[in-house]
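Before any comments, here is the structure.
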Amino acid sequence: MKYKTLKGLQDILPPEIAAWHHIENKARDIFRNYGYQEIRLPILEATDVFIRSIGETSDIVEKEMYTFQDKGGRSVTLRPEGTASFVRAYVEHHLYNDPSPQKFYYLGPMFRYERPQAFRYRQFYQIGAEAMGIDDPKLDAEIIAMLSKLLHSIGLAGLNFEVTSIGCKKCRPDYRTALKSFLGGKLDTFCGDCQRRYDANPLRILDCKVPSCIESRKGSPPVLDYLCGECRDHFESLRGYLDVLNVPHTVNPNLVRGLDYYTKTAFEVSSENLGSQSAVAAGGRYDSMVAEFGGPSTPGIGFAMGMERIIPLIQDSVSKATGPDLLFCPLGDKASEKAFVLTEQLRAMGIWGEMNHESASMRSQMRKANRIGAKNVIVLGEDEIGKGEITIKNMTDGNSIKSSLVASDIFKIISQHK
RNA sequence: GUGAGUGUAGCUCAGCCGGUUAGAGCAUCUGACUGUGGCUCAGAGGGUCGGGGGUUCGAGUCCCCUCACUCACCCCA
């Protein structure tokens, strides 16, 4: 085979599309009820858009971006996530001047140059939502509730909602300092990865799965104790509102986000039914990003869900593609031309009509009708054309109904058996 | 970037201590059944055994290299 998809990229073939549509349709329905409007953003952005927002030392920026020079010598990057592009557009088009909150959703492909594995691809699709201009924790609760409603309406079960607060510009540095001073003394008892994390992102050490690291970090200062008053209130209110809205959740203080722009609320939804890449959706609040992009100080909160992580969870329950409403099986050239015209007329009336083009035996034409899942079949031969009368065979129950050779008569019968 | 595993027909996979024309099931096509599918039966097409090199009288099988895929780590949706 000469050509193949690039590593980590995949073709999505028709049998899978029904599941994609199912998710997208549910998302559009629910977003509408919550007042989210679609926004379509470019896949390519100036590289700086991502470096500035996601963070210079984040893994995404350090090693996962598809970055290259365009013909004008500018550094451009295939978006590794949606929020940075969104905020760029929000500021560029002065959307903050619309009444708050402004709510948006988007869907499309993201790109990260990672080693592919189960449920992780280099090109992957996300559906994301962003709510801007309000820092009330009710909005945090609302968007998490919306996400919960969406995932459940899609048909997912066995989900875990985890929330935490990672503090803000004021209190996070204090925690970081406290944590580093606790870990610093016994750094040599941690794994190599953690020793690297100590400088780059010490919070991540709290999430390490190596048993010796779990042991060594026991007694480390709890994140939530270091929140400033504002962040603590925000988080406590959020939890209360989640209870009011009946969104079951657990607090996971060690929830770590790979993006630098988050403040206060961070959350993640994982599934018990995936492999090691179990996060189905994740998000958080980003109250200083708009200002960093040159807009007026404006709070925001959003999430993104990964299509490839959801599809396998629902695939079996979504009905597969079906066959045509009607298949003509013509016998001979004259019949073939007649079928050709009738098929086109029936399509104009709203029927999915097909005809066999190759001249084959009756038997093999019927076999094919069965194979493609045709719901009705019309055999068209010399007799039928001579008499101007045909029988429409229903492939589900095997019964036949007589009809004239006129499209409108055929339509009446087929439309009852689609 | 690191580690492990797997590459044989369109798909899922057998193939023994190396042995002569490389197999099965499913799928495709044809026929049994002259113009009515699904079941059954018979037959046909379809393979550089991932690629290259080596050992050997002889390699799908053993060795080396390489490529691809998969899973996991890192990290994340």
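Every chain is numbered from 1 and lettered A, B, ... according to where its sequence line falls, protein lines coming before strand lines. We use all heavy atoms of the structure for the numbers below, so side chains are in, but hydrogens, waters and symmetry mates are not.
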Write down the protein N/O and nucleotide N/O pairs, taken from nucleotides 25-28 of chain B, whose separation is under 3.5 Å; answer none if there are no such pairs.
residue, atom, partner, partner atom, Å
B:U28, OP1, A:Arg371, NE, 3.1
B:U28, OP1, A:Arg371, NH1, 2.5

Original post:
Please give, in whole Å, the distance from B:U34 P to A:Gln365 CD?
Top reply: 14 Å

**OP:** Determine the Euclidean distance between corresponding C1' atoms of B:G51 and B:U20; express it in Å to zero decimal places.
**Re:** 25 Å

**OP:** May I ask you to check if A:Lys180 and A:Tyr198 form a cation-pi contact, with NZ or CZ under 6.0 angstrom from the six-membered ring centre and within 45° of the axis?
**Re:** yes

**OP:** Figure out the CD/P separation between A:Glu382 and B:U34, and round it to whole Å.
**Re:** 18 Å

Subject >> Pairwise C1' distance for B:G43 and B:U48, with rounding to whole Å >> reply: 27 Å

Original post:
Which nucleotide in the set B:A77, B:C73, B:G35 lies at the smallest distance from any side-chain heavy atom of A:Met362?
Top reply: B:G35

Original post:
How is A:Glu114 classified with respect to the nucleic acid when contacts are heavy atoms under 4.0 Å: base, sugar-phosphate, or nothing?
Top reply: base

Original post:
Just by modelled atom types, is the A:Asp325 backbone N or O under 3.5 Å from a matching donor or acceptor in the A:Asn376 side chain?
Top reply: yes

Original post:
Do the charged groups of A:Glu64 and A:Arg115 touch, with an N to O distance under 4.0 Å?
Top reply: no

Original post:
Quick one: A:Leu255 CG to B:C75 P, roughly how many Å, whole number?
Top reply: 14 Å

**OP:** May I ask you to say what A:Arg204 touches in the nucleic acid, namely base, sugar-phosphate or nothing, with a heavy-atom cut-off under 4.0 Å?
**Re:** sugar-phosphate

Subject >> Which residue lies more 5' along RNA chain B, comparing A:Glu64 with A:Asp397 via nearest heavy atoms >> reply: A:Asp397

Subject >> Whole-Å C1' distance, B:C71 and B:G52 >> reply: 27 Å

**OP:** Give A:Phe119 one of three labels, base, sugar-phosphate or nothing, depending on what nucleic acid heavy atoms sit under 4.0 Å from its own.
**Re:** base

**OP:** Check step by step if salt bridge (charged side-chain N to carboxylate O under 4.0 Å, His left out) holds for A:Glu292 and A:Lys169.
**Re:** CA-CA 13 Å; A:Glu292 280 160 18; A:Lys169 270 188 174 154; 3.4 Å; yes

Original post:
Heavy atoms under 4.0 Å, any strand shown: does A:Ala369 hit a base, just sugar-phosphate, or nothing?
Top reply: nothing

Original post:
How would you label the contact of A:Ile127 with the nucleic acid (heavy atoms, under 4.0 Å): base, sugar-phosphate, or nothing?
Top reply: nothing

Original post:
Which nucleotide in the list B:U36, B:A68, B:G38 gets nearest to the side chain of A:Lys393?
Top reply: B:U36

Original post:
So what does the secondary structure string of RNA chain B come out as, 5' to 3', with Watson-Crick or wobble pairs under 3.5 angstrom, [ ] for crossing and | for pairs with another strand?
Top reply: (((((((..((((.....[...)))).(((((.......))))).....(((((..]....))))))))))))....

Original post:
Base, sugar-phosphate, or nothing: which does A:Gly128 touch, judged by heavy atoms less than 4.0 Å apart?
Top reply: nothing

Original post:
Considering only the P atoms, how many Å lie between B:G10 and B:G50, rounded to the nearest integer?
Top reply: 13 Å

Original post:
Considering only B:U36, B:C39, B:C69, which nucleotide approaches the side chain of A:Arg363 most closely?
Top reply: B:C39

Original post:
Can the ring centroids of A:Tyr226 and A:Tyr175 be said to lie less than 6.0 angstrom from one another?
Top reply: yes

Original post:
Atom CZ of A:Arg115 and atom P of B:A4: how far apart are they, to the nearest Å?
Top reply: 12 Å

Original post:
If you check every side-chain atom of A:Arg367, which of B:U36, B:C75, B:U40 has the closest atom?
Top reply: B:U40

Subject >> Proximity to the side chain of A:Ala282 - top-ranked nucleotide from B:G38, B:A77, B:G1 >> reply: B:A77

**OP:** Can you tell me the distance, in whole Å, between the CZ atom of A:Arg122 and the P atom of B:C69?
**Re:** 9 Å

**OP:** Check every strand shown and say whether A:Phe111 touches a base, only sugar-phosphate, or nothing at a heavy-atom separation below 4.0 Å.
**Re:** nothing

Subject >> P spacing across the pair B:U8 / B:G47, given as an integer number of angstrom >> reply: 15 Å

Original post:
Which residue, A:Met395 or A:Gln277, contacts RNA chain B at a nucleotide closer to its 5' end, judged by nearest heavy atom?
Top reply: A:Met395

Subject >> B:C73 OP1/OP2 closer than 4.0 Å to side-chain N/O of A:Gln117 >> reply: yes

Subject >> Under 4.0 angstrom between A:Ser364 side-chain N/O and B:C29 OP1 or OP2 >> reply: no

Original post:
Rounded to the nearest Å, what distance is computed from the CE atom of residue A:Met366 to the P atom of nucleotide B:G31?
Top reply: 15 Å

**OP:** Please state how far atom CD1 in A:Ile205 lies from atom C1' in B:C74, giving the value in whole angstrom units.
**Re:** 14 Å

**OP:** Give one of base, sugar-phosphate or nothing for A:Val280, where a contact means two heavy atoms less than 4.0 Å apart.
**Re:** sugar-phosphate

Subject >> B:G23 to B:C49 separation - C1' atoms, rounded to the nearest Å >> reply: 12 Å

Subject >> Non-hydrogen atoms of A:Ser415 and A:Ile351 that approach each other most closely >> reply: N-CD1, 4.3 Å

Original post:
Just by modelled atom types, is the A:Ser216 backbone N or O under 3.5 Å from a matching donor or acceptor in the A:Lys186 side chain?
Top reply: yes

Original post:
Within the structure shown, what part of the strands sits under 4.0 Å from A:Ser58 by heavy-atom distance: base, sugar-phosphate, or nothing?
Top reply: nothing

Original post:
Does atom CD of A:Glu337 have more than 12 heavy-atom neighbours, drawn from other residues, nucleotides or ligands, at distances under 6.0 Å?
Top reply: no

Original post:
Has the side chain of A:Arg120 got a donor or acceptor atom sitting under 3.5 Å from an opposite partner on the base of B:C75?
Top reply: yes

**OP:** Mark yes or no for whether A:Thr177, through its side chain, and A:Pro173, through its backbone, hold a donor-acceptor pair below 3.5 Å.
**Re:** yes

**OP:** Using a 4.0 Å heavy-atom cut-off across all strands, classify A:Ser400 as base, sugar-phosphate, or nothing.
**Re:** nothing

Subject >> B:G25 to B:G15 separation - C1' atoms, rounded to the nearest Å >> reply: 15 Å

**OP:** Show the numbers, then the answer: is there a side-chain hydrogen bond (donor to acceptor under 3.5 Å, both in side chains) between A:Ser400 and A:Thr391?
**Re:** CA-CA 6 Å; A:Ser400 295; A:Thr391 62; 4.7 Å; no

Original post:
Would you say A:Lys7 reaches B:C69's phosphate, i.e. side-chain N/O to OP1/OP2 under 4.0 Å?
Top reply: yes

**OP:** Please indicate whether A:Asn33 has more than 12 foreign heavy atoms, meaning atoms of other residues, nucleotides or ligands, lying under 6.0 Å from its CG.
**Re:** yes

Original post:
NZ of A:Lys149: more than 12 outside heavy atoms within 6.0 angstrom?
Top reply: no

Subject >> Whole-Å distance separating the CG atom of A:Leu13 from the C1' atom of B:C11 >> reply: 13 Å

**OP:** Using a 4.0 Å heavy-atom cut-off across all strands, classify A:Lys368 as base, sugar-phosphate, or nothing.
**Re:** nothing

**OP:** Report yes if a side-chain nitrogen or oxygen of A:Thr391 is closer than 4.0 Å to either non-bridging phosphate oxygen (OP1 or OP2) of B:U36; otherwise report no.
**Re:** no

Original post:
Looking at B:A72, B:G37, B:A77, which one has an atom nearest to any side-chain atom of A:Ala118?
Top reply: B:A72

**OP:** Just do the side-chain hydrogen bond (donor to acceptor under 3.5 Å, both in side chains) check on A:Thr77 and A:Thr67 with the steps written out, would you?
**Re:** CA-CA 4 Å; A:Thr77 295; A:Thr67 296; 2.8 Å; yes

Subject >> Same-atom distance (P) from B:C26 to B:G38, integer angstrom >> reply: 15 Å

